[in-house]
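Below you will find the structure I want to go over with you.
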There are 2 protein chains.
Amino acid sequence: MPKAKETRPVATAPGGRKAAEPAKAATRTEKVHEALRQAIIEQQLEPGARLPEDMIGESFGTSRTIAREALLRLSVEGLVDLMPNRGAFVANPTLDEGRDIFVVRRGLERMVVLQLAGQLSSAQIEELRQMLVNEELAGARDEREAIRLAGEFHLRLAGMTGNKLLVRYLTETVSRCSLVLTIYGRPHSVDCGLDEHRQIIEALIAGEGERAAELMEHHIEQVAGRALLETRKPRSVQDVLSSYAERISRG
Amino acid sequence: MPKAKETRPVATAPGGRKAAEPAKAATRTEKVHEALRQAIIEQQLEPGARLPEDMIGESFGTSRTIAREALLRLSVEGLVDLMPNRGAFVANPTLDEGRDIFVVRRGLERMVVLQLAGQLSSAQIEELRQMLVNEELAGARDEREAIRLAGEFHLRLAGMTGNKLLVRYLTETVSRCSLVLTIYGRPHSVDCGLDEHRQIIEALIAGEGERAAELMEHHIEQVAGRALLETRKPRSVQDVLSSYAERISRG
DNA sequence: TAAAATAAAATTGCATGCAATCTTGACATG
DNA sequence: CATGTCAAGATTGCATGCAATTTTATTTTA
């Protein structure tokens with residue numbers, strides 16, 4: 001990791017965009033943000049680990065300001081917990097929170113395929129099939145790469161809807177699902193069944209939206225695994241108490 | 001608005017929470033963030049308006065640091081556009097973006113009611129019915145308040161799922177829908193049909209999830225209006241070009 | 001020895017300063 | 001008159017300093 005403290009590097013020219021879009025300039029904050037994001041998702045940073053601003057700044061050769069901003073962004077994404085006056089920690093979601101995240105992801109993925117069914121251009125179909133091939137190739141040798149490609153598949157699918165917000169939410173959710181799986185996932189996680197991806201694509205091409213949606217939901221549940229989705233979330237203490245209070249008042 | 005620049009006020013004691021939750025301490029940044037958020041949603045700040053850090057800092061009696069952080073959060077929420085080296089602007093979504101936001105909201109609301117159907121405690125049912133009454137009362141005299149309450153209804157519903165992430169996404173989306181409607185909404189917007197809310201609640205109580213979902217989707221489409229949801233999104237230039245390229249290559 | 005009190009070190013919250021970049025408006029030029 | 005150039009002003013990107021708070025290490029006390 002670089003540790004120099006040279007004078008400010010020239011910013012990449014912003015190439016006169018019209019407006020409307022934030023225009024990516026790959027600022028230093030974004031670099032640090034992205035690096036930390038990767039580190040968390042790849043389990044290089046243990047959930048619950050402390051992330052002092054100073055340390056991050058030194059590691060990347062920047063001031064705390066940058067580190068702070070990156071941490072703020074990560075906290076919005078849910079990959080970092082920010083505790084006022086106490087600092088930042090790698091997110092350490094409970095099992096319940098993990099389940100919640102998967103539930104939301106399942107719903108988002110459903111939206112994606114419903115919108116895409118029967119709408120794919122042949123260029124897009126070609127691209128998806130190519131991704132499938134790449135997944136297959138990578139899967140044989142590099143597990144790490146295979147996992148990354150599998151995630152990419154879902155994100156690319158979302159991208160094809162052209163819905164920026166949907167892409168953002170799904171990106172966030174997929175990241176957090178990775179984190180959840182590093183904590184609660186089985187060791188021999190299936191991650192993403194290649195054949196399930198293939199079936200989904202075929203359903204999309206055939207224009208069978210509801211079937212694609214069902215395949216996708218099943219697929220996500222598969223990834224999440226029993227521990228996460230099939231367990232019933234216990235009711236909160238408050239709920240339990242109020243239901244007992246109810247029972248009593250009824251006699 | 002206060003404009004003093006006195007020494008740092010004592011922070012509210014963080015009351016030793018265990019961990020896991022970010023612990024709300026109502027920092028100054030959060031105050032500024034919330035104020036700006038309200039101002040944008042209530043149309044006090046015109047879409048596209050410039051938001052210089054200095055100006056915000058002076059208005060709230062803080063430094064640019066605070067303003068900057070608040071702006072960053074708002075940009076993540078999509079209420080502000082941040083352009084590197086150029087500054088912050090009140091978000092000014094295009095019609096397409098507005099449609100995208102409503103589509104996502106519709107999907108999120110669907111998730112909410114599907115999860116809630118047949119699961120409401122009688123305390124929750126009571127609370128929802130009370131909200132209905134309040135909406136009715138407010139609707140007669142204070143339109144502003146009625147709109148606020150209507151939004152609150154949707155958020156409270158989400159809250160009842162106990163799914164934090166779902167609540168966050170829906171909160172964000174509802175805010176952005178407000179913004180979109182201030183730009184593209186009809187003047188005599190229906191906002192939220194009271195009777196539709198009532199029907200949804202009844203379906204939830206009856207445990208008819210799919211019916212509640214349909215009612216909710218219809219309800220959101222009603223709010224969005226024709227202009228936003230019934231128009232077909234035109235294909236992007238890239239899509240058009242590639243489909244023409246295709247046609248040519250086929251002969 | 002365990003618990004409480006206290007002092008020292010580490011870390012965050014926030015303001016401010018300076019250089020880089022962008023915006024503007026005056027001025028020159030075709 | 002439209003267009004291009006360039007300097008002055010405005011604004012952001014980032015680093016740094018200091019006070020407040022939290023964490024830790026140490027000492028005191030029961």
Side-chain angles (χ1 to χ4, degrees), chain A residues 2-19 21-33 35 48-75 80-90, chain B residues 2-19 22-33 48-75 80-90:
Chain A
K3 203 179 170 179
K5 200 178 282 186
E6 70 267 354
T7 160
R8 187 188 196 178
V10 279
T12 56
R17 192 83 62 96
K18 236 333 164 263
E21 291 191 35
K24 54 187 167 185
T27 64
R28 288 207 250 181
T29 295
E30 282 167 56
K31 290 268 187 69
V32 175
H33 171 232
R50 207 146 188 256
L51 297 172
E53 297 173 358
D54 273 336
M55 205 189 97
I56 296 171
E58 275 171 42
S59 300
F60 290 94
T62 72
S63 74
R64 291 196 300 127
T65 309
I66 303 289
R68 215 178 148 72
E69 207 173 310
L71 287 173
L72 178 58
R73 291 187 184 200
L74 287 166
S75 89
V80 156
D81 283 343
L82 231 46
M83 268 133 105
N85 278 320
R86 304 201 347 118
F89 304 79
V90 176
Chain B
K3 204 180 173 180
K5 199 178 284 187
E6 69 265 355
T7 158
R8 187 188 198 181
V10 279
T12 56
R17 191 83 64 94
K18 232 348 171 245
K24 52 188 166 185
T27 66
R28 290 208 249 183
T29 296
E30 283 169 53
K31 290 270 187 68
V32 174
H33 170 235
R50 242 192 132 194
L51 297 173
E53 296 174 357
D54 273 338
M55 205 189 96
I56 296 171
E58 276 172 41
S59 301
F60 289 93
T62 73
S63 76
R64 290 197 300 127
T65 309
I66 302 290
R68 215 177 148 73
E69 207 174 309
L71 287 172
L72 178 59
R73 292 188 183 203
L74 287 166
S75 88
V80 156
D81 283 343
L82 230 47
M83 268 132 109
N85 278 321
R86 304 200 349 113
F89 304 81
V90 176

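Quick caveat, the model's predicted, so the values are computed rather than measured. In the text below, chain A, chain B and the rest are named by the order of the sequence lines, each starting its count at 1. Computed over heavy atoms, backbone and side chain alike; hydrogens, waters and symmetry mates excluded.
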key: Presence of B:Thr65 side-chain N/O under 4.0 Å of C:dC14 phosphate oxygens OP1/OP2   = no
message = Tell me the closest heavy-atom pair linking A:Gly57 and A:Ala67, and the distance in Å.
response = N-CB, 4.0 Å
ask   = Taking atom C1' of C:dC22 as reference, at what distance in whole Å does atom CD of B:Glu53 sit?
value = 13 Å
task = Write down the distance between CE (B:Met83) and C1' (C:dC22), rounded to a whole number of angstrom.
result = 12 Å
request  = Could you check which of C:dC14, C:dT11, D:dG13 has an atom nearest any side-chain atom of A:Pro52?
outcome  = C:dT11
task = Using whole Å, report how far CG of A:Leu72 lies from P of C:dG13.
result = 10 Å
inquiry  = Please pick, from D:dG13, C:dT12, D:dC14, the nucleotide with the shortest atom-to-atom distance to any side-chain atom of A:Ser63.
reply    = D:dC14
query = So do the side chains of A:Ile56 and A:Ser59 get within less than 4.5 Å of each other, counting heavy atoms only?
reply = no
remark   = Those residues at least two apart in sequence (or on a different chain) that pass side chain to side chain donor-acceptor pair (under 3.5 Å) with A:Glu69 are none
inquiry  = In dot-bracket form, 5' to 3', how is DNA chain D paired? Count Watson-Crick and G-U wobble pairs only if both distances fall under 3.5 Å, and write | where the partner sits on another strand.
reply    = ||||||||||||||||||||||||||||||
key: A:Thr65: side-chain contact (heavy atoms from CB on, under 4.5 Å) partners, not counting sequence neighbours   = A:Ser63
inquiry  = Under the rule for side chain to side chain donor-acceptor pair (under 3.5 Å), what residues qualify as partners of A:Arg64, not counting sequence neighbours?
reply    = A:Glu53
remark   = Rounded to whole Å, the CZ-P distance (B:Arg64 to D:dA10) equals 14 Å
inquiry  = Using whole Å, what does the distance between atom C1' of nucleotide C:dG13 and atom NZ of B:Lys31 come to?
reply    = 15 Å
ask   = Among the nucleotides D:dA15, D:dT12, C:dT12, which one has an atom lying closest to any side-chain atom of A:Asp54?
value = C:dT12
task = First locate atom CG of A:Leu51, then atom CG of A:Leu71, and finally report the distance between them rounded to the nearest 0.5 Å.
result = 6.0 Å
message = The test is side chain to side chain contact (heavy atoms under 4.5 Å, CB included); show your working for B:Arg73 and B:Glu30 and say whether it passes.
response = CA-CA 9 Å; B:Arg73 292 188 183 203; B:Glu30 283 169 53; 3.6 Å; yes
request  = Write down the distance between CZ (B:Arg68) and C1' (C:dC14), rounded to a whole number of angstrom.
outcome  = 14 Å
query = C:dG13 phosphate, OP1 or OP2: any side-chain N/O from B:Arg28 under 4.0 angstrom?
reply = no
ask   = Does any donor-acceptor pair link the side chain of A:Arg86 with the base of C:dG13 at a separation under 3.5 Å?
value = no
ask   = How long is the line joining CG of A:Leu82 and P of C:dT11, in whole Å?
value = 16 Å
message = In this structure, how many angstroms lie between the P atom of D:dT12 and the CD atom of A:Glu69, rounded?
response = 13 Å
